[in-house]
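Below is one structure; the comments refer to it alone.
Every value quoted in this text rests on a predicted model; they were computed, and no experiment measured them. The analysis underlying the following values was restricted to heavy atoms, covering all of them including side chains, and did not include hydrogens, waters or symmetry mates.
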Amino acid sequence: MPTLTPPGPHAAIDLGSSRIRATLPARDVLVDRPSAVGGPAPTGRTGRTFRARPIEHGMVTDACACTRLTRLTLLEADPERELREILLAVPAAASGAQLDRAAAAVRAAAGRPVRTMDGCHRNTAETGRALDHRP
C-alpha cells in the first residue's frame with residue numbers, strides 16, 4: 001500500500017556552511033539564517049554558551065545540532081507545520097553516507113518525506129520551479 005503524502009506546501013532547504021535557507025514557494029516565504037546554533041558550554045566553562053557549526057563545507061558534521069537548526073528554520077518558514085515534503089540541496093560531491101546523514105537530519109526535524117538533489121540545482125530549489133512546476 002503506498003504511503004500517503006500529507007497535504008500542504010512543499011519546501012526546499014539548503015544547508016550551507018555559513019547560512020541555511022528554506023523556501024516555501026507556494027507561500028512566497030524565504031528564511032535565511034546563520035548556520036550556527038547555541039549550546040551548553042564545553043566542560044570547564046560554566047555560565048557560557050558556544051555557537052556550534054553543524055555543517056562544514058556543505059556536509060553535516062553534527063546531526064543533532066543540524067536537526068535543531070533545521071527544525072528552527074522550518075518552524076519559522078511554516079509555523080503551522082503543514083509541510084508536505086522537503087527538497088534538500090546537497091553538494092554534488094557528497095558521498096552516499098553524507099547524503100543519508102543530511103536527509104536523516106532534515107527528516108527528523110520536519111517529520112516529513114525528504115527528497116535530495118545536488119547543489120548544482122540550488123537556484124531551482126530557491127525559486128521553487130522544480131517543486132511547483134511553474135513555467
In one Ile/Leu/Val/Met/Phe/Trp/Tyr side-chain cluster, 4.5 Å: Leu99, Val106: yes
Cluster check Leu88, Leu24: I/L/V/M/F/W/Y, side chain < 4.5 angstrom: yes
Gap separating the CZ atom of Arg107 from the CG atom of Asp100, nearest 0.5 angstrom: 8.0 Å
Backbone N/O of Ala12 and side chain of Arg21: donor-acceptor pair under 3.5 Å: no
Any side-chain heavy-atom pair of His10 and Pro25 under 4.5 Å: no
Trace of the side-chain contact (heavy atoms from CB on, under 4.5 Å) decision for Met117 with Leu87: CA-CA 7 Å; Met117 68 173 185; Leu87 180 61; 3.9 Å; yes
Over all atoms of both residues, closest heavy-atom pair of Arg33 and Leu69: NE-CD1, 4.2 Å
Least distance between heavy atoms, His57 atom then Ser17 atom: N-OG, 2.6 Å
Any side-chain heavy-atom pair of Arg112 and Leu74 under 4.5 Å: no
Over all atoms of both residues, closest heavy-atom pair of Val114 and Ala103: CG2-O, 4.1 Å
Single-linkage hydrophobic cluster Ile86~Met59, side-chain heavy atoms < 4.5 angstrom: no
Heavy-atom side-chain proximity of Arg84 to Pro9 below 4.5 angstrom: no
Heavy-atom pair of closest approach, residues Pro54 and Ala36: CD-CA, 4.5 Å
Main-chain N/O of Ile20 paired with Ser35 side-chain donor or acceptor, under 3.5 Å: yes
Other residues, nucleotides, ligands: >12 heavy atoms within 6.0 Å of Arg81 CZ: no
Nearest-0.5 Å distance, CG of residue Asp62 to CD of residue Glu56: 9.5 Å
Cluster link Leu30 to Leu75, ILVMFWY, side chain under 4.5 Å: no
Shared hydrophobic cluster, Ile13 / Val31 (ILVMFWY, side-chain heavy atoms < 4.5 Å): yes
